Amino acid sequence: VTTSQPTTFLSEVGPGDHVISENTLAYLQERAKGRLYDYIIRKFVEEEKRGLTRAQLARRINKSPEIVTRLLGAPGNWTIETLADLLVGISSEELKPASECLLDRPRRNYAGARYSAPKIETETETRSAVRVANPAPVPTTTASYIVAVSS
Amino acid sequence: MSIQDLIDQRVSEGRLFELRPRMPDDPIERSMYVSEEIWRLVDGPWADESMARRCGRLRADMEQFVSGRMVGISLTPYEAKTALFGLLDKPADGIFDFRSCDPSPGLRLFGGFADTDAFVALTCAPRSIPVDFLTRAPLKDDAKLWAKAIRECKAEWRKLFHPYQPHTGGKASDYISADYLLV
């Protein structure tokens, strides 16, 4: 018996008193982790170019090199404490929360990756599509859930 | 016919599906194509809330690659640790497991790169414990089960892309052009 049907993603997370599905909540939880991972690892790669090594980072945050390697591989077991440790150890920064609304974002300007047949997305083609009355230009950067400030 | 043409053909036949981000403004920087088996996991419907939750997490992990965000990659079999992509034995075969480790049960998608930044995921197996919504047994640390999973993936690849083999290379950038961390 099917008990959990896919729903239109953005209509589901929109305002109202309806329940947001477990699938969407889990998706957004993992997406948040992925964005944080992206944010931290970009910082690490930047500092690595300036000479920071994994061993140095491990010493700075008082963890074994093996643990640091695991932490840098994926955000699976990260906690707020892990984030704080990594950020100060990598770039002497601290976390500063920020967020943005999921709704009313412009549709992507879908040029297609190399292996995709060029195609314009339409309302009927994607479950996640929403009507945008006056589409704004596609942003050049995506906002992070967390931004950092230099200490 | 190029492998790109073959992919387009398989998509038009309904044998492959292109994974696109659910968020309409997320960029598509890399390509991921999946078999019907995997598409059903990420697109639903789901048998119960437990499956819906796990598959929601899996989809977000896959979109991390598609949207061009940072991903961990390992080119050393048996040493992938927590990397999202792990090259499997033998490296010359170009078969990877895409590793959705968290939360338990961990899932492994088997596939290969059609080219740099273009991953094709073909089969799925649970890592350590049985999963109701997957027919395959957990891989655990059983070398025979891993070898079987790799063989099944290669067989699926041949069905779809003969005579093309998975893309191979000696460097991480042969597989992912930018924004990766070699684990």
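Throughout, protein chains are lettered first and strands after them, A, B, ... in sequence-line order, and every chain is numbered starting at 1. Both backbone and side-chain heavy atoms feed into the values below; hydrogens, waters and symmetry mates do not. The structure displayed is predicted, hence computed values, not measured ones.
Between B/Lys171 and B/Asp174, at least one side-chain N (NZ, or NE/NH1/NH2) sits under 4.0 Å from a carboxylate O, which counts as a salt bridge. A salt bridge between B/Arg20 and B/Glu18 is present, with a side-chain N of the basic residue lying under 4.0 Å from a carboxylate O of the acidic one.
Smallest separation of non-hydrogen atoms from B/Ala172 and B/Leu182: CB-CD1, 4.1 Å.
Counting heavy-atom pairs closer than 4.5 Å to chain B, the top-ranked of the candidates A/Lys33, A/Arg54, A/Arg42, A/Glu66 is A/Arg42. Ranking B/Arg99, B/Met51, B/Arg53 against chain A, the residue ahead of the rest is B/Arg53, based on heavy-atom pairs under 4.5 Å. Contact count versus chain A (heavy atoms, under 4.5 Å) is highest, among B/Arg57, B/Arg59, B/Arg54, B/Glu63, for B/Arg57. Put simply, of B/Cys55, B/Ser74, B/Ala60, the one with the most heavy-atom pairs under 4.5 Å next to chain A is B/Ala60. Among B/Val183, B/Leu84, B/Asp61, the residue making the largest number of heavy-atom pairs under 4.5 Å with chain A is B/Asp61.
The aromatic ring centroids of B/Tyr175 and B/Phe96 lie less than 6.0 Å from each other.
A continuous path of ILVMFWY side-chain contacts below 4.5 Å connects B/Met1 to B/Phe161, so both sit in one hydrophobic cluster.
If you measure heavy-atom distances from B/Asp5 to chain A, you find no contacts under 4.5 Å at all. B/Val71 touches chain A through its backbone: at least one of N, CA, C or O sits under 4.5 Å from a heavy atom, while the side chain does not. If you measure heavy-atom distances from B/Leu181 to chain A, the contacts under 4.5 Å come from the side chain alone.
The shortest side-chain heavy-atom distance between A/Leu103 and A/Val13 falls under the 4.5 Å cut-off.
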